[in-house]
Amino acid sequence: MPEPLPLRFFNTRTRKVEPFAPAVPPKVTLYCCGPTVYNHAHIGNLRTYVFEDLLQRTLRMAGYELHHVMNITDVGHLESDADEGDDKMMLAAARERKSPWDIARFYEGEFFRHTDMMKIRRPDTVCRATEHIGQMIAMVERLVERGHAYAAGGNVYFDTATFPAYADFARLRMDAQEATERVDLDERKRNPADFVLWFSQSKYPNQVMKWESPWGVGFPGWHIECSAMATEYLGETIDMHCGGIDHVPVHHTNEIAQSEGCFGHRWVDTWLHGEFLVVDDAKMAKSSGDFLHLDRLVEAGYEPMDYRYLLLTGHYRARLSFSFEALDGARQSLRTLRNLAHDWSYAARDGDGVRKEALADWQERFRTALANDLHVPNALAVAWKMARDGDLAPAEKLALMLGFDTIFGLDLAAATESRSLPDDLMALIARREQARADRDWATADTLRDELRAKGVAIKDRPGGTDWELVG
RNA sequence: GGCCCGGUGGCAGAGUGGUGAUGCAGAGGACUGCAAAUCCUUUCACGUCGGUUCGAUUCCGGCCCGGGCCUCCA
């Protein structure tokens with residue numbers, strides 16, 4: 001087994017780009033924070049999952065044996081009757097007379113429908129919070145035993161005063177935060193930063209998702225699920241943990257506190273966080289109720305791959321501006337890439353060989369870009385330069401591009417596949433080909449018009465006649 | 001209020017103390033029976049005011065503008 005390719009990543013924990021060194025190579029344990037399934041994933045959410053998909057593909061390409069785990073948050077702020085809440089989706093749920101369980105299952109399905117459309121590989125393990133309540137309770141018990149948690153008024157809280165490193169990860173200034181605390185003061189907390197591990201005194205009186213616990217019937221806090229499930233599937237030390245940039249100050253800070261408080265040692269080696277997709281210079285706001293999700297792009301005539309291409313053009317640690325103008329540009333770029341792949345596959349039919357040494361240099365440039373903190377935009381630039389390199393044969397370009405596409409995930413192979421039409425239409429195409437061979441242009445053009453009327457656009461490619469269905 | 005990040009050509013987006021990102025769009029050309037596709041060439045940039053420097057888009061400072069976090073959030 002060859003040594004895995006050396007990779008470097010920006011580690012949020014150290015705020016530095018550093019060599020990636022899993023504890024037990026070539027194995028890598030990766031935990032990614034998954035969706036809270038009470039609404040559709042918007043396209044900003046999808047950006048994060050595409051980032052994690054690119055990471056996952058890169059790790060495998062580099063030769064690592066990956067165990068990729070993602071949670072489904074199907075418990076938390078789901079209440080049966082949201083009359084007094086301001087969550088529009090909960091109102092919608094009430095209107096549709098669905099239980100929180102139904103809502104969660106429905107949107108979980110929607111989530112995977114969208115990620116499948118985006119060609120995001122499903123994690124090796126997907127775990128639901130509601131199916132790991134026991135592990136969460138066990139972890140909370142362990143935290144209580146170790147003195148990191150206390151019960152008060154029916155709830156259990158993490159005692160941040162017992163974890164001096166609490167502010168380190170997010171580089172928080174606790175004094176400044178206390179001074180401007182705007183949250184409803186919970187008198188049961190010893191410190192404002194303390195957070196709930198287990199609720200039995202919910203602020204939602206109509207909570208229908210609840211379980212027995214040593215502290216009363218209730219439900220888990222909002223952070224414990226990730227710690228408990230990551231431990232369940234990956235053990236008490238994890239190589240890599242990812243999520244959206246917004247998770248740094250609260251969710252991941254709390255995960256670290258409870259996990260390291262529980263285990264007494266470092267929990268995660270490398271943390272990667274994806275930046276936001278922004279629209280009009282502002283982040284996508286789920287609460288606005290009018291956010292964009294993938295179906296809306298499809299309804300507007302775009303393919304999911306158009307959006308995936310757009311995401312490839314930006315580095316994961318930089319904000320990316322979404323606009324339909326930018327999406328149009330991505331769509332054009334992707335079309336060209338597909339046309340190129342298509343033409344190469346035609347030209348390569350004659351069977352010209354592939355010089356492995358000619359490929360090696362481009363593969364090296366491509367891998368170097370990815371190894372540098374997952375620099376997909378540069379990898380994409382390498383792909384374009386390769387595409388326009390005059391020294392490569394079509395078969396070589398095709399081999400390289402399809403290899404690159406194992407990372408990009410644009411499904412370019414589909415552009416090289418031969419397809420079929422109903423026999424009568426194929427016969428028309430054949431007749432036109434004969435007419436062209438006979439230099440009978442009038443007949444050829446008539447047949448083309450006829451095909452066009454039937455929704456088939458003819459394109460005479462360098463390697464032969466191609467067609468595509470049009471509206 | 002506190003903390004933090006960013007401002008690159010029409011758009012998206014890399015990068016660097018002194019030559020080229022890349023893609024889309026625009027312009028011109030080539031090829032093509034026509035159409036499509038592809039190829040080639042090419043215009044356009046570094047928020048602003050100072051400083052450091054032989055030289056700054058790149059380093060430093062002020063300012064302006066935009067954004068994020070401090071509360072669930074990808």
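Naming convention: chains lettered A, B, ... in sequence-line order (proteins, then strands); numbering from 1 in each chain. In this text, all values refer to a predicted model and were calculated from it rather than measured experimentally.
B:U16 is unpaired under the Watson-Crick or G-U wobble criterion, no partner having all donor-acceptor distances under 3.5 Å. Of the nucleotides present, B:C70 is the one that pairs with B:G1 by Watson-Crick or G-U wobble criteria, both distances under 3.5 Å. Remark: B:C46 base-pairs with no nucleotide; criterion is Watson-Crick or G-U wobble with both hydrogen-bond distances under 3.5 Å. B:A56 makes up no base pair with any nucleotide shown, lacking Watson-Crick or G-U wobble contacts both under 3.5 Å. Remark: B:U41 base-pairs with B:A27; criterion is Watson-Crick or G-U wobble with both hydrogen-bond distances under 3.5 Å.
Across B:G13 and B:U57, the matching C1' atoms stand 15 Å from one another, rounded to whole Å. Using P as the reference atom, B:A21 and B:G47 are 16 Å apart when rounded to the nearest Å. For B:C60 and B:U53, the C1' atoms lie 12 Å apart once the distance is rounded to whole Å. To the nearest whole angstrom, the two C1' atoms, one in B:U71 and one in B:C63, are 32 Å apart.
Out of B:G23, B:C73, B:C34, the shortest distance to the side chain of A:Arg448 is found at B:C34. For A:Arg436, whose side chain is taken as the heavy atoms from C-beta onward, the closest listed nucleotide among B:C73, B:U22, B:G33 is B:G33. Proximity note for A:Arg432 (side chain, C-beta onward) versus B:C34, B:G67, B:C73: the nearest is B:C34. Comparing B:U38, B:A74, B:A12 by their nearest atom to the side chain of A:His247 picks out B:A74. Of the listed nucleotides (B:A14, B:A37, B:C34), B:A37 has the atom at the smallest distance from the side chain of A:Asp343. Of the candidate nucleotides B:A12, B:U38, B:A74, B:A12 has the atom nearest to the side chain of A:Leu320. Listed candidates were B:G23, B:A74, B:A14. Nearest to the side chain of A:Tyr309 is B:G23. Side chain of A:Ala282, nearest nucleotide from B:G67, B:U38, B:A74: B:G67. With distances taken from any side-chain atom of A:Asp246 to the nucleotides B:A12, B:G20, B:A74, the minimum falls on B:A74.
Distance A:Glu275 CD to B:C73 C1': 14 Å, rounded to the nearest Å. Rounded to whole angstrom, the span from the CG atom of A:Leu447 across to the P atom of B:G33 amounts to 18 Å. At whole-Å resolution of the value, OH in A:Tyr38 and C1' in B:A74 are 11 Å apart. Here the C1' atom of nucleotide B:U32 and the CD1 atom of A:Ile458 are 16 Å apart, to the nearest Å. Following rounding to the nearest Å, A:Phe276 (CZ) and B:C69 (P) show an atom-to-atom distance of 6 Å. Rounded to a whole Å, the CG atom of A:Asp328 is 14 Å from the P atom of B:C24. In this structure, A:His315 atom NE2 and B:G6 atom C1' are separated by 15 Å, rounded to whole Å. Regarding A:Gln332, its CD atom lies at a distance of 12 Å from the C1' atom of B:A37, rounded to whole Å.
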Kindly list each side-chain donor-acceptor pair under 3.5 angstrom involving residues 321-328 of chain A, sequence neighbours excluded, with atom names and distances?
from     : atom 1 : to       : atom 2 : distance (Å)
A:Ser323 : OG     : A:Ala326 : N      : 3.0
A:Asp328 : OD1    : A:Tyr302 : OH     : 2.6
A:Asp328 : OD1    : A:Arg331 : NH2    : 3.3

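Relative to the six-membered ring of A:Phe10, A:Arg317 meets both conditions, a distance below 6.0 Å and an angle of at most 45° to the axis.
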- [ ] Starting from the C-alpha separation in whole Å, work towards a yes-or-no answer on side-chain contact (heavy atoms from CB on, under 4.5 Å) for A:Val69 and A:Met229.
- [x] CA-CA 9 Å; A:Val69 176; A:Met229 291 194 283; 5.8 Å; no
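The base of B:A14 does not come close enough to the side chain of A:His375 for any donor and acceptor atom to sit less than 3.5 Å apart. A donor-acceptor contact under 3.5 Å links the side chain of A:Asp445 to the base of B:G33. Donor-acceptor pairing under 3.5 Å, judged by distance alone, is present between the side chain of A:Asp460 and the base of B:C34. Put simply, the side chain of A:Arg171 and the base of B:C4 share no donor and acceptor less than 3.5 Å apart.
Ion pairing between a basic and an acidic side chain is recognised when a charged N comes within 4.0 Å of a carboxylate O; A:Lys459 and A:Asp466 show no such pairing.
Using modelled atom types, one side-chain atom of A:Lys397 and one backbone atom of A:Asp389 make a donor-acceptor pair closer than 3.5 Å. With hydrogens and angles ignored, the 3.5 Å screen pairs a side-chain donor or acceptor of A:Asp74 with a backbone N or O of A:Thr130.
Within 6.0 Å of CZ in A:Arg15 there are more than 12 heavy atoms belonging to other residues, nucleotides or ligands.
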